[in-house]
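The block underneath contains the structure these notes are about, expressed in structure tokens.
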2 protein chains.
Amino acid sequence: MHSFTEENYLKAIYHLSDANNTVVSTNSIAEVTNTKAASVTDMLKKLADKKLINYIKYQGVTLSNTGIQAAVNIVRKHRLWEVFLVEKLGFKWDEVHDIAEELEHINSASLIDRLDDFLGNPAADPHGDPIPDRTGTFVHKKLVKVSDLKEGQTGTISGVNEHSSLFLKHLEKLGLTLGTKITISDIIEFDGSIMLIADKTKERTISREVAKNILVIL
Amino acid sequence: MHSFTEENYLKAIYHLSDANNTVVSTNSIAEVTNTKAASVTDMLKKLADKKLINYIKYQGVTLSNTGIQAAVNIVRKHRLWEVFLVEKLGFKWDEVHDIAEELEHINSASLIDRLDDFLGNPAADPHGDPIPDRTGTFVHKKLVKVSDLKEGQTGTISGVNEHSSLFLKHLEKLGLTLGTKITISDIIEFDGSIMLIADKTKERTISREVAKNILVIL
DNA sequence: TTAAAAATTTAGATTAATCTAAATTTTTAA
DNA sequence: TTAAAAATTTAGATTAATCTAAATTTTTAA
């Protein structure tokens with residue numbers, strides 16, 4: 001098995017490559033792992049030796065097939081634990097990230113498979129992010145940013161692009177949580193703010209910045 | 001917070017001192033932590049600096065009040081997770097130790113308090129060991145070894161002194177699980193083996209060694 | 001096309017946890 | 001009471017992960 005630290009690097013590379021396995025830079029990894037570039041270089045050598053990444057000096061890094069597998073498994077664990085925390089223990093969707101960050105490193109395949117069943121094999125975590133199954137297969141729903149909708153268009157909130165507690169609490173306050181049906185009533189020309197009707201009754205105005213981070217299914 | 005390693009030493013010292021805070025030797029700690037005595041000495045110095053233990057060179061070690069608190073909290077977490085694994089995820093009582101060994105280091109007070117409530121504030125783990133409440137208070141039931149019972153005496157199995165999978169599976173096979181009511185029908189003079197009736201109907205014979213590790217409430 | 005800036009790597013150190021072998025202290029048993 | 005055995009500690013090394021400062025490579029922008 002891999003160390004906690006190795007797992008965190010794999011996860012960082014996975015997320016930075018945007019699930020597309022695009023090339024990731026040393027500096028970007030340093031930023032999300034809260035380390036310095038020099039430390040990242042050391043670790044990249046180690047991960048390359050273990051064949052978890054494809055690494056060419058000065059040219060950035062991609063995950064190998066084994067690396068992707070490992071990363072997806074960590075993501076699976078993280079998201080299942082988030083579902084557990086919200087559905088079973090009653091945490092709010094903005095409170096679970098840090099705890100799941102620890103739980104995702106617990107090492108037991110049977111634990112995770114049983115947890116998956118216990119939770120009813122959920123398709124998505126509390127933020128709408130898809131949960132891969134035990135083989136690592138994702139079902140990606142086609143999601144659109146609210147900022148890309150036109151006046152009159154309708155959608156159901158199904159995900160977010162920003163996971164900070166601050167942002168999630170804001171959405172909560174506005175009643176714009178997962179499953180909410182919205183219709184765009186107006187797009188303000190001045191600054192791109194968007195007026196919408198949530199659940200057919202609630203009028204809300206959100207900034208373009210907020211709109212960019214809310215995802216709907218059409 | 002303390003590192004995983006520090007937590008494991010505190011837990012080891014706690015268990016070795018038999019919950020009585022008796023003096024614990026360097027070698028005994030080395031044995032249960034799978035390290036060498038020299039490594040233990042190094043760590044003891046560190047824990048003493050942090051005021052988690054009372055340590056006199058060559059004289060062994062006891063936990064300080066802070067150390068006891070920390071150790072009891074780890075025990076609480078371990079046992080609550082074991083209940084979760086058995087009650088909610090359907091693991092057998094002999095399968096949960098290693099996973100709980102990892103989960104006990106997850107660091108979130110609100111997680112554990114919520115888990116406690118979710119599980120219905122259980123008084124004991126799947127092996128009958130008492131679970132301290134959030135203040136660290138234990139309710140110790142008065143338990144007696146089956147090997148200390150006399151012919152004709154009756155009791156309810158409420159704990160075990162041995163947690164190995166091998167032993168627990170053996171008890172399972174014999175039907176001698178927690179909650180089973182037993183009556184001693186005969187004590188064999190030759191080797192101290194004990195014959196008993198479980199749940200009023202099942203005749204069983206167990207070795208003295210097995211009997212020593214089964215605990216009953218009278 | 002090339003000099004300056006930015007990104008990355010290397011060199012050499014540090015910290016936590018561990019080890020072996022040698023030294024020291026305590027315990028045991030004659 | 002004391003020599004041998006057992007337990008413990010010290011000294012000096014090692015591994016994983018990190019760091020700063022210097023060196024190298026790549027990218028950018030005139």
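By convention in this document, chain letters (A, B, ...) are assigned in the order of the sequence lines, proteins followed by strands, and residues within each chain are numbered from 1.
Looking at every heavy atom in both residues, Gly128(A) comes nearest to Leu178(A) through N-CD1, 3.4 Å. Summarising the geometry of Gly192(A) relative to Ile187(A), their closest heavy-atom pair is O-CG2, 4.4 Å, with the distance given to 0.1 Å.
In this view, Phe4(A) and His105(A), Phe4(B) satisfy the ring-ring contact (aromatic ring centres under 6.0 Å, His included) rule, not counting sequence neighbours. Not counting sequence neighbours, the partners of Glu151(B) by the side chain to side chain contact (heavy atoms under 4.5 Å, CB included) test are Asp186(B).
Defined by atom type and a distance below 3.5 Å, a donor-acceptor pair is present between the side-chain atoms of Trp93(B) and Glu172(B).
If you check dT26(D), dC19(D), dC19(C) against the side chain of Asp42(A), the one that comes closest is dC19(D). Proximity note for Tyr58(B) (side chain, C-beta onward) versus dT24(C), dT9(C), dT18(D): the nearest is dT24(C).
Between Ser3(B) and the phosphate of dA16(C), there is no side-chain N or O to OP1/OP2 separation shorter than 4.0 Å. Contact annotation: Lys57(B) does not reach the phosphate of dT26(C) (side-chain N/O to OP1 or OP2, under 4.0 Å). One finds no side-chain N or O of Lys45(B) lying less than 4.0 angstrom from the OP1 or OP2 phosphate oxygen of dT9(D). Between Thr26(B) and dT9(D) there is a side-chain N or O to OP1 or OP2 distance below 4.0 Å. Close to dA16(D), at under 4.0 Å from its OP1 or OP2, lies no side-chain N or O of Tyr9(A). Here Asn27(B) does not reach the OP1 or OP2 of dA6(D): none of its side-chain N or O atoms lies under 4.0 Å away.
For Lys50(A) and dT15(D), the NZ to C1' distance is 12 Å, given to the nearest whole Å. If you measure from atom CG of Asn8(A) to atom P of dA16(D), you get 17 Å, rounded to the nearest angstrom. With rounding to whole Å, Glu31(A) atom CD is found 15 Å from dT8(C) atom C1'. Rounded to whole angstrom, the span from the CD1 atom of Ile56(B) across to the P atom of dT26(C) amounts to 11 Å. When rounded to the nearest whole Å, the span between CG of Asp49(A) and C1' of dA16(D) equals 14 Å. In this structure, Glu7(B) places its CD atom 15 Å from C1' of dA16(C), rounding to the nearest Å. His2(B) has its NE2 atom 15 Å from the C1' atom of dA16(C), to the nearest Å.
The backbone N or O of Ile131(A) lies less than 3.5 Å from no partner atom in the side chain of Arg79(A), so there is not a single donor-acceptor pair. At least one donor-acceptor pair under 3.5 Å links the side chain of Asn213(B) to the backbone N or O of Glu209(B).
Under the side chain to side chain donor-acceptor pair (under 3.5 Å) criterion, the residue pairs touching residues 22-32 of chain A are Ser25(A)-Ser28(A), with sequence neighbours excluded. Sorted by first and then second residue, the ring-ring contact (aromatic ring centres under 6.0 Å, His included) pairs with a member in residues 111-130 of chain A read His127(A)-His163(A); sequence neighbours excluded.
As judged by a 4.0 angstrom heavy-atom cut-off over every strand, Tyr55(A) is placed among residues touching the sugar-phosphate backbone only.
Taken residue by residue, residues 34-41 of chain B places heavy atoms nearer than 4.0 Å to DNA chain D at Ala37(B), Ala38(B), Thr41(B).
Ring geometry, Phe84(A) versus Trp81(A): the interplanar angle exceeds 60°, so the pair is classed perpendicular (tilted spans 30 to 60°).
DNA chain D contains the following stems of three or more consecutive Watson-Crick or G-U pairs, with both distances under 3.5 Å: C:1-30 with D:1-30.
Residues Met43(A) and Gln59(A) both approach DNA chain D. Their nearest nucleotides, taken by heavy-atom distance, put Met43(A) toward the 5′ side.
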